Structures are given as structure tokens and as C-alpha cells.
Amino acid sequence: RRLVAEVMRRSPSRCRAWISAGDRHGPPVEAQQTLEWFQLSPALFRDLDQFGTHSPMILYDHPALGVWDAGSTAPGCSLLVPFQDPENVGAVIRCAVAFNVQRIILLGESANPFHPKAIRASAGTVFSARLFEGPSLALLPDDLPVVALATEGRPISGFPFPESFCLLAGMEGPGLSSRWQPTAVAIPMADGVESLNAAVATGIALYEWRRTRI
């Protein structure tokens with residue numbers, strides 16, 4: 001319910017329709033002239049209500065992603081997202097927005113950032129993030145200034161982040177390709193812990209980068 005209200009407040013022109021179960025819970029009075037109202041049967045509404053909120057939903061026309069130019073250099077951190085779990089995609093977008101990352105590049109392997117689970121995990125930040133469409137991992141240029149995250153790598157504490165770089169964590173399961181291991185940094189963990197969640201590890205690395213810039 002909070003996300004629906006926030007989307008209507010931030011981007012009313014992109015809200016196309018109000019979706020409810022039957023004639024209960026119609027659109028807000030101030031939005032009735034601009035929104036269609038889809039009144040669904042209770043059974044069909046339950047099928048769409050993936051999280052069981054029992055609250056009306058919004059049909060939202062999300063903007064097209066910009067196309068990332070891997071050959072251009074821009075100051076700061078460009079976040080490369082290869083995650084296939086939409087919840088990880090949403091969580092890492094939330095972290096990136098929190099740490100003022102200006103370029104979030106969804107690689108070919110990434111889940112859709114507007115998947116319902118990604119939107120929920122992002123707490124709505126997906127609607128304000130600067131998202132770009134990028135190539136698959138295999139097509140990333142060899143000369144790309146990548147700072148990669150891996151369990152084997154130099155300690156991230158005290159690492160001199162470049163003025164312009166791309167941050168890359170490994171995919172869930174397969175981890176980081178050997179191609180990027182030489183540039184990898186590692187987050188210290190207790191013995192017996194194999195790895196961190198991909199989005200959590202990225203969030204820690206982004207915090208460390210921002211901390212060195214303050």
C-alpha cells in the first residue's frame with residue numbers, strides 16, 4: 001500500500017490504472033479522472049496479488065532503460081548487476097541509491113528490475129534510480145576498470161578505489177568469473193562462512209567506497 005501511494009505521488013503521469021477486487025477500494029478521489037479502474041473478480045485479483053496484501057495495485061508504465069556505453073568514462077562508481085534473483089536486484093538497487101551511485105547497469109544475466117519482487121525489495125527506489133541496460137558478462141570489454149568482489153582477494157579495508165571504476169560482484173551460485181579474479185577485493189568474514197549474499201556484499205563494498213570519499 002505504501003509503495004502504491006509513493007508511486008502515485010512521485011510519478012502520477014506513469015500510473016495508468018487502478019486495480020482492485022470488485023468495486024471495493026476504488027481509486028483515490030484526486031486520481032479518479034486520470035486512472036482507469038480495473039475491477040477484477042476476487043479469484044483473479046488473488047492471482048495477481050503475489051504478496052497477499054489484499055490492497056489495490058497500480059498499473060505502472062515504467063520508463064525504458066538507457067543504453068550503457070561501456071567505452072565512456074564517468075567519475076565515481078558504476079555498479080554492474082548480474083544477479084538473477086529479483087530480490088537481490090531490488091536490494092542492491094536500494095543500496096546503490098542510498099550510497100549515491102549514479103549509474104546502475106543491469107547486465108544481460110540480470111533479473112528484470114521491475115519484477116514485483118525486485119520493486120518490493122528496492123522499497124520503491126527502483127523508480128528513482130538511474131538504470132541502464134548493459135551487455136552480458138562475457139561481452140564486457142577487457143579494458144573495463146573493474147573492481148570485483150570475491151572471497152579470495154586483497155582486503156577491501158584500505159583499498160584505494162579508482163576515481164572511475166565499475167563494481168562487480170559474482171552471480172549467485174557460479175560466483176565471480178576467473179577473468180576478474182586478479183582485480184578482486186575481499187570482505188573479511190568469520191571462519192567457516194563460505195560467502196556473503198551477493199546484494200549484502202555489494203552494499204558493504206559501496207559503503208566502504210563512500211566512506212573513503214567523505
Side-chain angles (χ1 to χ4, degrees), residues 1-17 19 48-53 55-70 72 74 76-140 144 146-149 165-177 180 196-207 209-210:
R1 183 176 300 174
R2 182 185 63 81
L3 279 177
V4 167
E6 183 174 338
V7 166
M8 291 183 65
R9 178 179 61 81
R10 282 175 172 257
S11 307
S13 63
R14 290 194 173 275
C15 297
R16 296 297 183 86
I19 305 171
L48 293 179
D49 186 14
Q50 296 187 15
F51 303 109
T53 64
S55 297
M57 294 173 278
I58 280 286
L59 178 61
Y60 180 82
D61 182 18
H62 70 76
L65 302 186
V67 178
W68 177 56
D69 180 4
S72 66
C77 173
S78 297
L79 178 62
L80 303 175
V81 181
F83 306 149
Q84 296 179 318
D85 183 338
E87 291 187 342
N88 278 341
V89 171
V92 83
I93 289 174
R94 185 177 183 177
C95 289
V97 172
F99 294 121
N100 200 30
V101 173
Q102 296 298 306
R103 295 163 301 281
I104 304 170
I105 298 100
L106 288 305
L107 299 180
E109 293 80 2
S110 173
N112 192 311
F114 296 103
H115 186 287
K117 291 183 178 180
I119 293 174
R120 190 179 195 187
S122 81
T125 55
V126 66
F127 297 116
S128 60
R130 296 190 63 193
L131 303 177
F132 296 86
E133 183 179 356
S136 66
L137 282 164
L139 296 179
L140 289 174
L144 198 65
V146 170
V147 174
L149 297 177
F165 70 100
C166 296
L167 182 64
L168 174 65
M171 289 172 57
E172 308 96 334
L176 185 70
S177 167
W180 306 111
L196 289 167
N197 168 272
V200 170
T202 304
I204 293 172
L206 289 174
Y207 166 77
W209 164 65
R210 287 296 297 172

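Since we're looking at a predicted model, the values are computed, not measured. Computed over heavy atoms, backbone and side chain alike; hydrogens, waters and symmetry mates excluded.
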Measure the [atom1]-[atom2] distance between [X] and [Y] for me, rounded to the nearest 0.5 Å.
| X | Y | atom1 | atom2 | value |
| --- | --- | --- | --- | --- |
| Arg2 | Thr53 | CZ | OG1 | 13.0 Å |
| Arg16 | Arg14 | CZ | CZ | 8.0 Å |
| Cys166 | Ile105 | SG | CD1 | 5.5 Å |
| Cys77 | Leu80 | SG | CG | 8.0 Å |
| Leu149 | Leu176 | CG | CG | 8.0 Å |
| Ile93 | Leu106 | CD1 | CG | 5.5 Å |

Worksheet entry | Under 3.5 Å: donor-acceptor pair, side chain of Glu172, backbone of Gln84 | yes
Fill in: Contacts of Phe114 that satisfy ring pair (Phe, Tyr, Trp, His ring centres under 6.0 Å) - sequence neighbours left out
His62
Fill in: Partner of Leu168 by side-chain contact (heavy atoms from CB on, under 4.5 Å), out of Leu137, Thr202, Val81
Leu137
Can you name the closest pair of heavy atoms from [X] and [Y] and give their distance?
| X | Y | value |
| --- | --- | --- |
| Arg1 | Ser55 | NH2-OG, 3.2 Å |
| Cys15 | Tyr60 | SG-CD1, 4.2 Å |
| Ala96 | Ile104 | CB-CD1, 3.6 Å |
| Pro82 | Ala169 | CG-O, 3.4 Å |
| Asn112 | Ala118 | O-CB, 3.8 Å |
| Met57 | Asp49 | CE-N, 4.1 Å |

Side-chain donor-acceptor pairs under 3.5 Å in residues 123-136, sequence neighbours left out?
| residue | atom | partner | partner atom | Å |
| --- | --- | --- | --- | --- |
| Thr125 | OG1 | Ser122 | O | 2.6 |
| Ser128 | OG | Thr125 | O | 3.2 |

Worksheet entry | Pair Leu107-Leu140, side chain to side chain contact (heavy atoms under 4.5 Å, CB included): steps then yes or no | CA-CA 9 Å; Leu107 299 180; Leu140 289 174; 4.1 Å; yes
Item to complete: Kindly determine whether Trp209 and Val101 satisfy side chain to side chain contact (heavy atoms under 4.5 Å, CB included), including the steps that lead there.
Response: CA-CA 10 Å; Trp209 164 65; Val101 173; 4.0 Å; yes
Worksheet item: Around Arg94, counting heavy atoms of other residues, nucleotides and ligands shown, do more than 12 lie under 6.0 Å from its CZ?
Response: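 No, CZ of Arg94 has 12 or fewer neighbouring heavy atoms, counting only those of other groups under 6.0 Å.
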Practice prompt. Scan residues 81-111 for pairs that pass ring-ring contact (aromatic ring centres under 6.0 Å, His included), counting only residues two or more places apart or in two chains.
Written response: none
